[in-house]
Structures are given as C-alpha cells and as structure tokens.
*Asks:* 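Pasting a structure here, questions to come.
Just the heavy atoms: all of them, side chains too, but no hydrogens, waters or symmetry mates, feed the values below. The model shown is predicted, which means the values in this text are computed figures rather than measured ones.
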Amino acid sequence: NEDLPITFDGLGSYDSVAATDDKLGVIDSWFWVWGDDSVNETITRNEDGFINKTYSEPGQYTLEMSATDIVGHESAPKVFTVVVKDISAPLITNIDLFDVNMEDASDALQGEVLYLGANATTDNFDDFEDISFTWDINDDGIADLNGSWVAHTFAEIGDYNVTLTATDKAGNTMDFVKIVNVRIGD
C-alpha cells in the first residue's frame, strides 16, 4: 500500500562456487534498484540484510536486486514486480454553489435552480475526470444525483444537509456535507 514501508531482504542469495576458502562464495552486499525516481541502495553483509522501501505513489514498479560475493562476483539481477495499492480517499474541501445566473451563491432560493459543483475535489492518484460523484440532496442517505456538476430545485424553505460523495478508481471514498439554506425568493 502507498506510504507504508515494505521490507525486502536478499538473505536467500547464495554463491554456488565451490571453495576451499571459507570466505569465497559468501555474499558481501546486495544492490537494490527500486524502479522509481528514488536513489538506489546497497546493503552489506555487516548489516542485517533487510532493507525498507516506501512507495508514495500507487502503481506497478519493477525492481531489481543483485548480489555481490566477497571476491566481487556480481549476480545477474533478480527482477521483482511490486504493485502499490491506492488507499487514499479523494479530498473534498468544499461544494460550490451557483445560482440560476451561474453566479456564486451562499444559499438557495425556493423554487429556483441551484447548481452544485465538486470542483474542490482532488485525488492523490486519479485525475478529476476519473472520480465519480454522487449527491444526497435530501439527507436520506440515498444518492439523488450523479456527476461533478448537478442542478437541483428545492421546493421547500429550510436547511438541507447536502452530502457529496467522491469515489476514486480504487474505490476509496470521502463524504463532504454542506448545509444549504433555502430561503424565500426575492
């Protein structure tokens, strides 16, 4: 998962060279190529052989590990594929409100169209157009509308808890509630 350390080790590496010298064939170091923009790393036999790597972005990474024995013989790289899952929900910071003239609105007028927008939504991995949006307009827990922009006409005056739910491609969700005050028109 993204932002969580993964522990790797090369301790299963060995050198099949038959030797009379006790040191010949002993693995001295492991070199790791992470498959992202980070610095590649070497750990030595004097360390515990384990190394941690944290991927901050979801995706598929191809990494390589090669072992070097005490006399300098280097193995061919062993190739691994690591799939890092997106576990972060989209972030909603506001619900945009616009009146029938598409001007910013702080509340709604009874019987007039109010436009609600999800433009203040971002995701750590998916593009905006890949996020799905549902709207619960009447606070009953059931989605009434879908889309990043929706229009609704409130028939009654009062305060409404409007819930916007954003879902990214990995299924991570966030709810954002905004109280919309519906008043009598001018």
*Asks:* Considering only heavy atoms from C-beta outward, does the side chain of Glu112 approach that of Thr153 to under 4.5 Å?
*Replies:* no
*Asks:* State, with a plain yes or no, whether a side-chain heavy atom of Leu145 is found less than 4.5 Å away from one of Ile137.
*Replies:* yes
*Asks:* Check for a donor-acceptor pair, side chain of Asn1 on one end and backbone N or O of Leu4 on the other, with a separation under 3.5 Å.
*Replies:* no
*Asks:* Among Asn146, Val162, Asp144, which one satisfies side-chain contact (heavy atoms from CB on, under 4.5 Å) with Trp135?
*Replies:* Val162
*Asks:* Quick one, Leu164 with Ile92, criterion side chain to side chain contact (heavy atoms under 4.5 Å, CB included). Give me CA distance, side-chain angles, the key distance, then yes/no.
*Replies:* CA-CA 9 Å; Leu164 168 62; Ile92 306 169; 3.9 Å; yes
*Asks:* Assess the side chains of Ser88 and Glu2: does a donor N or O sit below 3.5 Å from an acceptor N or O?
*Replies:* yes
*Asks:* Check Ala151 against Val113 and note the closest heavy-atom contact, atom names and distance.
*Replies:* CB-CG1, 3.8 Å
*Asks:* List the steps and the verdict of ring pair (Phe, Tyr, Trp, His ring centres under 6.0 Å) for Phe133 and Phe176.
*Replies:* CA-CA 11 Å; Phe133 299 96; Phe176 185 90; over 10 Å; no
*Asks:* Go through the steps to decide whether Phe31 and Val33 satisfy the test side chain to side chain contact (heavy atoms under 4.5 Å, CB included), and finish with yes or no.
*Replies:* CA-CA 7 Å; Phe31 180 69; Val33 177; 3.4 Å; yes
*Asks:* Does anything in residues 85-127 pair up under ring pair (Phe, Tyr, Trp, His ring centres under 6.0 Å), and if so which pairs, sequence neighbours excluded?
*Replies:* Phe98-Trp149
*Asks:* Does Tyr61 belong to the same Ile/Leu/Val/Met/Phe/Trp/Tyr cluster as Ile6, with side-chain heavy atoms less than 4.5 Å apart forming each link?
*Replies:* yes
*Asks:* Rounded to the nearest 0.5 Å, what separation is found between the CG atom of Asp28 and the CD1 atom of Ile43?
*Replies:* 11.0 Å
*Asks:* Take Asn40 and Trp32 through the test side chain to side chain contact (heavy atoms under 4.5 Å, CB included) and record every step on the way to the result.
*Replies:* CA-CA 6 Å; Asn40 301 324; Trp32 295 89; over 6 Å; no
*Asks:* Only one of Thr173, Asp136, Asp175 forms a side-chain hydrogen bond (donor to acceptor under 3.5 Å, both in side chains) with Thr165, so which one is it?
*Replies:* Asp175
*Asks:* Is a donor from one side chain sitting under 3.5 angstrom from an acceptor on the other, for Glu57 and Asn124?
*Replies:* no
*Asks:* Begin from the C-alpha positions of Leu97 and Lys178 and carry the test side chain to side chain contact (heavy atoms under 4.5 Å, CB included) through to its verdict.
*Replies:* CA-CA 10 Å; Leu97 303 178; Lys178 183 167 189 157; 4.0 Å; yes
*Asks:* Please confirm whether the backbone N or O of Asn172 pairs with a side-chain atom of Asp168, one donor and one acceptor, at under 3.5 Å?
*Replies:* yes
*Asks:* List the atom of Gln110, the atom of Glu156, and the distance in Å for their closest heavy-atom pair.
*Replies:* NE2-CA, 4.1 Å
*Asks:* So, taking the atom named CG in Asp139 and the one named OH in Tyr160, what distance separates them when rounded to the nearest 0.5 Å?
*Replies:* 11.0 Å
*Asks:* Sequence neighbours left out, what passes salt bridge (Lys or Arg N to Asp or Glu O under 4.0 Å) with Asp36? Give chain and number order.
*Replies:* Lys53
*Asks:* Quick one: does Asp140's side chain have a donor or acceptor within less than 3.5 Å of a partner on Ile142's backbone?
*Replies:* yes
*Asks:* Does the side chain of Thr42 pick up a donor-acceptor pair with the side chain of Trp30 at under 3.5 Å?
*Replies:* no
*Asks:* So do the side chains of Met65 and Ser13 get within less than 4.5 Å of each other, counting heavy atoms only?
*Replies:* yes
*Asks:* Does any non-hydrogen side-chain atom of Phe128 lie less than 4.5 Å from one of Thr121?
*Replies:* yes
*Asks:* How many angstroms lie between OG1 in Thr81 and CG in Leu63, if you round to the nearest 0.5 Å?
*Replies:* 7.5 Å
*Asks:* Give a yes or no on whether the backbone of Glu74 and the side-chain of Thr68 come within a donor-acceptor separation of less than 3.5 Å.
*Replies:* no
*Asks:* From Asn119 CG over to Ser148 OG, what is the distance, rounded to the nearest 0.5 angstrom?
*Replies:* 6.5 Å
*Asks:* Tell me whether Tyr55 contacts the main-chain N or O of Trp34 through its side chain, where contact means a donor paired with an acceptor under 3.5 Å.
*Replies:* yes
*Asks:* Quick one: closest heavy-atom pair of Leu91 and Met174, and the distance?
*Replies:* CA-SD, 3.7 Å
*Asks:* CD1/Ile184 to CG/Leu109 distance, rounded to the nearest 0.5 angstrom?
*Replies:* 10.5 Å
*Asks:* Side chain of Ser75, backbone of Ala67: donor and acceptor closer than 3.5 Å?
*Replies:* yes
*Asks:* Could you give all pairs that pass the salt bridge (Lys or Arg N to Asp or Glu O under 4.0 Å) test and reach residues 84-109, with sequence neighbours left out?
*Replies:* Asp107-Arg183
*Asks:* To the closest 0.5 Å, what do you measure between OG1 (Thr7) and CG (Asn52)?
*Replies:* 3.5 Å
*Asks:* Evaluate the ring pair (Phe, Tyr, Trp, His ring centres under 6.0 Å) criterion for residues Phe50 and Phe8: first the C-alpha distance (whole Å), next the side-chain angles of each, then the deciding distance (0.1 Å), finally the verdict.
*Replies:* CA-CA 6 Å; Phe50 294 93; Phe8 298 94; over 10 Å; no
